[in-house]
Every structure is written in structure tokens, then in C-alpha cells.
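Along the sequence shown, residues carry numbers from 1. Numbering of ligands and ligand atoms starts at 1, following listing order.
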Amino acid sequence: MNLLEAIKERRSVRSYDGNRLTDLQIATLLDAINESSSPFGGRLTIRLKEFDLRKGYRPTTYGMIKGARHFFLLASGADGESALSTGFRFEQIVLKAWQMGLGTCWIAATFKGSDFDRDQTWPEGETLRIVCPVGTAAPPTATERLTRLALRSANRLPFDRLFYHTDFHTPLHKDNRFAEPLEMLRLAPSSTNSQPWRALVCDNHTVHFYYRHKSDISLIDCGIGFCHFHKTEKFRGHDGIFFKADATPAPPRDWKYLISYTTAPA
Ligand SMILES: Cc1cc2nc3c(=O)[nH]c(=O)nc-3n(C[C@H](O)[C@H](O)[C@H](O)COP(=O)(O)O)c2cc1C
């Protein structure tokens with residue numbers, strides 16, 4: 001399964017078969033942690049932890065996650081760079097897991113931190129912000145099906161309401177040079193499926209990204225979307241960079257400028 005197939009097929013998995021990951025799967029996921037990278041800086045520590053369900057210890061996810069033995073734990077700084085990097089780096093591991101046939105589910109809210117945190121020491125300035133089960137999917141429970149319906153998890157906002165060309169009155173055409181990486185961004189997971197990202201394509205080289213701030217998690221969501229965008233660019237042989245533009249077109253009232261991407265030589 002290639003990267004674009006993984007992006008299109010991935011969905012959050014909340015029901016697992018209860019089996020232990022194999023040593024090879026664990027080693028591959030640990031490699032994925034080490035190989036993940038981000039251009040946004042900040043501070044982030046990612047660990048993979050096994051909980052022995054036979055000993056009866058089940059960390060609390062308020063009933064959201066069933067049958068998972070392994071969880072990633074993500075501790076990060078409280079700044080915006082750390083949030084962007086959390087999304088950008090960890091989504092690389094989520095996609096890798098899906099390519100290995102394993103499900104995951106980003107969890108920012110529905111977990112009891114002290115259950116997951118109790119034997120962990122994190123680097124100075126970092127606290128546990130995200131947990132994420134990983135394992136083989138089991139048939140979805142009624143709770144999982146209801147959660148997906150309530151969040152409208154299978155739906156995404158339409159392309160022409162998220163992406164624009166030259167100004168914010170002109171929706172981006174689907175044959176634009178950036179249409180494919182932006183479509184992959186559009187499919188990204190986000191907390192409560194909030195999809196905070198917006199983009200304005202300037203020309204054949206440069207895109208400005210904006211976002212709607214919905215919660216503290218919105219920047220993590222943006223990092224996840226940028227991961228899909230950037231991986232797709234690389235997949236198609238484009239090697240651009242993210243940068244802060246000096247001046248960008250003023251966005252609609254509740255959008256904030258975040259960052260730009262260009263393949264134009266400096
Ligand atoms: C940063 C982030 C935090 C999330 N937090 C939770 C959570 O606390 N509980 C939960 O059940 N799902 C959580 N989700 C999963 C989203 O609800 C899910 O990604 C979204 O509904 C889209 O569905 P999909 O991932 O199946 O495409 C989170 C997702 C992201 C990206």
C-alpha cells in the first residue's frame with residue numbers, strides 16, 4: 001500500500017482484537033518513531049507502551065477504546081511549534097501503522113492522564129498531551145459506531161470551501177498544481193473532525209496556510225494536515241519548504257495566517 005492509498009483508506013480505530021503486537025511490529029514502529037521528523041521545531045517525546053491486560057490494568061479512555069494493549073504516549077511543550085510538530089511527526093507513524101495493517105486513534109481528550117502517565121518521567125517542559133492505541137482492528141462496537149456517527153467522522157468539508165486561489169472569493173480548481181496535496185490534507189483526521197485548515201494558492205510555487213482556532217488542539221490538527229500535504233508533495237517529487245511570509249492576503253475574519261509553503265528557489 002503506497003502513501004496516498006494509506007491516506008485515503010485510514011480511519012480511526014477504537015475497537016482492537018486484544019492481541020499483543022509481534023516483536024517485528026514493535027521494532028518497525030519504534031523505527032518509525034526514530035525516523036519521524038518535523039520542520040517546525042518545538043519539543044516532543046513519543047513512546048510506545050504495552051499494558052498487560054491479563055493483570056487487569058486498563059488505562060481509562062472513558063469507554064472509547066476497547067481491547068488495545070499498546071498505546072503511543074506523546075509528551076510535548078506547550079508552545080505552537082511543539083503542537084505543529086506533534087501533528088506533523090506523529091501522523092507519519094499513524095500512516096506507517098496503517099500501511100502495516102494496524103489501526104490507531106489519536107486521543108487528546110477522552111483519556112485519564114494519570115493512568116497513562118504514572119510510571120513515566122518526561123523531559124523538562126513536556127507533559128503528556130496525546131495517547132494513541134495501536135493494534136489490529138476488531139469489528140467496531142456499538143459505541144464506536146455511534147461515536148463515528150456523532151462526529152460525522154466519514155465526512156469532510158468540500159474542497160471548494162477550504163481552498164482558494166489568488167483571493168478568498170475564488171475557490172481552487174481541481175486541476176490546479178496543488179490540488180492533489182491539498183486533497184490529501186483535506187482527508188486528514190482532526191479532533192472532533194473540526195478540520196481547521198484553510199489554504200490560499202498564490203501561484204504554481206507557493207501556498208499560504210490559514211486556520212480557524214477552535215481549541216488548543218487546532219495546531220496539532222494543522223500539523224497533521226501539513227504532514228499529509230508535505231508527504232504527498234515528496235511522493236510526487238516536489239521538495240518544498242515551509243516558511244513564514246512577511247505579508248499575506250488578509251483572510252476572512254475568523255481565520256488566522258499560520259505558515260506558507262514554497263517550491264520556488266530562494
Ligand atoms: C488531535 C486529535 C485528537 C483526537 N482526540 C480524540 C479523542 O479524545 N477521543 C476520540 O474518540 N477521538 C479523538 N480523535 C479522533 C477524531 O474524532 C477523528 O480523527 C475524526 O472524527 C475523523 O475520523 P477519522 O479519523 O476516522 O477519519 C482525535 C483526532 C485528532 C486528530
Selection from [options] by shortest heavy-atom distance to [atom]:
| atom | options | result |
| --- | --- | --- |
| atom 27 (O) of ligand 1 | Arg11, Met64, Arg156, Gln195 | Arg156 |
| atom 7 (C) of ligand 1 | Thr143, Ile224, Thr110, Val94 | Thr110 |
| atom 14 (N) of ligand 1 | Trp106, Phe90, Tyr62 | Trp106 |
| atom 26 (O) of ligand 1 | Arg129, Arg10, Arg14, Arg148 | Arg148 |
| atom 21 (O) of ligand 1 | Ser153, Pro189, Ser191 | Ser153 |

Counting heavy atoms not belonging to Asp246, are there more than 12 under 6.0 Å from its CG?
no
Any Lys/Arg nitrogen of Glu5 or Lys8 sitting under 4.0 Å from an Asp/Glu carboxylate oxygen of the other?
no
Salt bridge flag under 4.0 Å for residues Arg177 and Glu233
yes
Is the contact between Ser190 and ligand 1 made by the side chain, the backbone, both, or neither, using heavy atoms and a 4.0 Å cut-off?
backbone
With heavy atoms only and a cut-off of under 4.0 Å, state how Ile107 meets ligand 1: side chain, backbone, both or neither.
both
So, for [X] and [Y], is the gap between ring centers shorter than 6.0 Å?
| X | Y | answer |
| --- | --- | --- |
| Phe226 | Tyr261 | no |
| His70 | Tyr16 | no |
| Phe71 | Phe51 | yes |
| Trp197 | Phe229 | no |

Polar-atom distance check: Ile220 versus ligand 1, any N or O pair below 3.5 Å?
no
Does the N or O separation between Leu151 and ligand 1 drop below 3.5 Å for any pair?
no
Measuring from atom OG of Ser76 to atom CG of Leu84, what distance do you get when rounded to the nearest 0.5 angstrom?
11.0 Å
Scan Arg152, Arg148, Arg156 and name whichever one has a side-chain hydrogen bond (donor to acceptor under 3.5 Å, both in side chains) with Asn193.
Arg156
So which protein heavy atom does [atom] come closest to, and at what separation?
| atom | value |
| --- | --- |
| atom 5 (N) of ligand 1 | Ala108 N, 3.0 Å |
| atom 25 (O) of ligand 1 | Ser12 OG, 2.6 Å |
| atom 8 (O) of ligand 1 | Ala109 N, 2.8 Å |

Contact atoms of ligand 1, heavy-atom distance to Ile217 under 4.0 Å
1 (C)
